[in-house]
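We name chains A, B, ... by the order of the sequence lines, and we start the count at 1 in each one. On a predicted model such as this, the values are computed, not experimentally measured, just so you know.
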2 protein chains.
Amino acid sequence: MNFNKTTTYAFKVLILMSHNDQLDYTSTYLSEKLNIQMQYLRRLLTDLSKAGFIQSKRGKNGGFVFAKSIKNIFLSDIIDAVEGLEKFNSCMLENHDCNKEGKCSFHDAFGEIKNKMTDALKTTTLFDLKEKSIIT
Amino acid sequence: MNFNKTTTYAFKVLILMSHNDQLDYTSTYLSEKLNIQMQYLRRLLTDLSKAGFIQSKRGKNGGFVFAKSIKNIFLSDIIDAVEGLEKFNSCMLENHDCNKEGKCSFHDAFGEIKNKMTDALKTTTLFDLKEKSIIT
DNA sequence: GCAAAATAATACATCAAGGTAGTATTTATG
DNA sequence: CATAAATACTACCTTGATGTATTATTTTGC
Ligand code: SF4
Ligand code: SF4
C-alpha cells in the first residue's frame, strides 16, 4: 500500500510547486529542496511536462510552471501518468484470469476499501492538498 | 496498493493449503497447481516454515503441513513474515522525518483508509478466507 | 542398506527500478 | 553574438527482487 519512489517524487514536486502555482521552479531548486537527485528529477520533470501537468521553459531564467490549474489535477492523474493506475484496481492476488466479484473472500474483504482509496485519489486535487501540506 | 510477488505467492500457497489443512502438500504439487517456479517456491516454503506457519517433512512422502491452526494465522502475519508490515503503516510520501497526524492533507485524506486496510489484515485469518476462495 | 522421493542450501543469472554522468540544445541578456 | 543558465537526451551503472541450476541432506520403504 504505497506508491513507488518515482510517484512519490512526483507528488512531492507537484505539492511543493502548488504552494505558489504561478512561479517558475528550476530543477536545481527542486532538487535541493526535496533531496532528489538532479538527473533523475530532470527526467521526471520532463515526463510530467509531456503528461501535461507542467510546462518547461528552456534557456536562461527557465524552469517549470503548471500548465493547468491545480484545481484540475487529480491525484489519480499523477499516479496514472507515472506508474499507471491499473494496479490500484486490479486483483490483489495478481490472479489475472479472474476479476469477478464475490468469487474470492479477498475480493469481498478488500474490494470496498480499495474502492474508497481509488475514489479518494480520483476526487482529490493538488489544490485540495495545498493548505495543510507541510511539505516545503 | 499491492503486495509484492513473493507475498502474493505466499497467500496463494497458504490459501490453497488451507482448503485441506491436515494434508501434506509437496512443493511439486504446489508448484504445478499454482504456476510458481519450483526453486523459488521451495525457498518460500522453507521461509514459511521458519516463520512457523507450516512445517516441513523431509524425505520420501514428505511435504508441508500447517504447523498451527489456520484460525490463528492472520493475513497481517503472513505479510509481516514475507515483506514486512512496516510500510503498510508508514507515510505514503516516504517523508520519514514526519509522522504526525494533521500536518499534511495526505495524512488526513488517506490515514483512515489505511487504518481500515490494516485493521482488515490484522483481523482476517486464513480460515476466514477459506470458504469462498476460488483459488484452487 | 540402498534407491527413490522429498526438502535444504548455495551460488549464480536476469530484469526492472532507480541512480549517475556526460553531452547537446535552447534562450535570455549584456 | 557570445556567454551563462537553464532543460533535453542518451548511455551507462547499481541494486534489489525475482528466477534458475546444481549439489547436499534427510527419510521412507522395499
Ligand atoms: S475474486 Fe479473488 S482472485 Fe478473483 S480478482 Fe477478486 S481478489 Fe482476485
Ligand atoms: S503528515 Fe504527511 S508527510 Fe507527515 S507522515 Fe503524514 S502523510 Fe507523511
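- The side chain of T26(A) contributes no N or O atom lying less than 4.0 Å from OP1 or OP2 of dT7(D).
- dC12(D) atom P lies 14 Å from atom CZ of R43(A), rounded to whole Å.
- In this structure, N61(B) reaches the dG29(D) phosphate: one of its side-chain N or O atoms is under 4.0 Å from OP1 or OP2.
- Distance CE (M38(A)) to P (dA8(D)): 12 Å, rounded to an integer number of Å.
- Distance CG (L45(B)) to C1' (dT18(D)): 16 Å, rounded to an integer number of Å.
- Listed by chain and number, the residues in a side-chain hydrogen bond (donor to acceptor under 3.5 Å, both in side chains) with T125(B) are D128(B) (sequence neighbours excluded).
- I70(B) pairs with exactly one of L129(B), L126(B), L14(B), I15(B) by the side-chain contact (heavy atoms from CB on, under 4.5 Å) rule, that one being L126(B).
- In summary, contact between chain B and DNA chain C, defined as any nucleotide atom under 4.0 Å from a heavy atom of the protein, begins and ends at dA5(C) to dA11(C) in the 5' to 3' direction.
- Judged by distance alone, the side chains of T118(A) and N115(A) never bring a donor and an acceptor atom under 3.5 Å apart.
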Side-chain donor-acceptor pairs of residues 48-60 of chain B under 3.5 Å, sequence neighbours excluded:
{"from": "S49(B)", "atom 1": "OG", "to": "L45(B)", "atom 2": "O", "distance (Å)": "2.9"}
{"from": "K57(B)", "atom 1": "NZ", "to": "D24(B)", "atom 2": "OD2", "distance (Å)": "2.9"}

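- Side chain to side chain, T6(A) and Y40(A) meet the donor-acceptor criterion of an N or O pair below 3.5 Å.
- Between the C1' atom of dT28(D) and the CG atom of D24(B) lies a distance of 13 Å, rounded to the nearest Å.
- A straight line from CG of L30(A) to P of dA5(D) spans 18 Å, rounded to a whole angstrom.
- For the pair Y9(B) OH and dT18(D) C1', the interatomic distance rounds to 7 Å; values are reported in whole Å.
- Comparing G59(B) and G59(A) against DNA chain C, the residue whose closest nucleotide sits nearer the 5' end is G59(B).
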Protein-nucleotides 22-25 of chain D N/O pairs under 3.5 Å:
{"from": "dT22(D)", "atom 1": "O4", "to": "Q39(B)", "atom 2": "OE1", "distance (Å)": "3.2"}
{"from": "dT25(D)", "atom 1": "O2", "to": "R58(B)", "atom 2": "NH2", "distance (Å)": "2.8"}

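- Cation-pi geometry between K122(B) and F74(B) is not met at under 6.0 angstrom from the ring centre and within 45 degrees of the axis.
- For the segment residues 48-55 of chain A, no residue has any heavy atom less than 4.0 angstrom from an atom of DNA chain C.
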Step-by-step side chain to side chain contact (heavy atoms under 4.5 Å, CB included) determination, V13(B) to L41(B): CA-CA 9 Å; V13(B) 166; L41(B) 178 60; 3.6 Å; yes
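- Between the side chains of T7(B) and N4(B), at least one donor-acceptor pair of N or O atoms lies under 3.5 Å.
- Here F11(A) pairs with F3(A), F106(B) under the ring-ring contact (aromatic ring centres under 6.0 Å, His included) rule; sequence neighbours left out.
- For D47(A) and dT7(D), the CG to C1' distance is 13 Å, given to the nearest whole Å.
- Look at CZ on F3(B): it is 19 Å from C1' on dT18(D), rounded to the nearest Å.
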How far apart are the C-alpha atoms of K68(A) and I73(A), what are their side-chain angles, what is the distance that settles it, and do they pass the side chain to side chain contact (heavy atoms under 4.5 Å, CB included) test? CA-CA 8 Å; K68(A) 58 180 178 181; I73(A) 300 179; 3.8 Å; yes
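- Put simply, the side chain of D80(A) reaches to within 4.5 Å of the side chain of E86(A), judged on heavy atoms.
- Nearest-nucleotide positions on DNA chain D for T28(A) and K57(B) put T28(A) closer to the 5' end.
- Nearer the 5' end of DNA chain C, as judged by each residue's closest nucleotide, is the contact made by K60(B), out of S56(B) and K60(B).
- Annotation for L16(A) and K33(A): closest pair CD1-CG, 3.6 Å, computed over non-hydrogen atoms.
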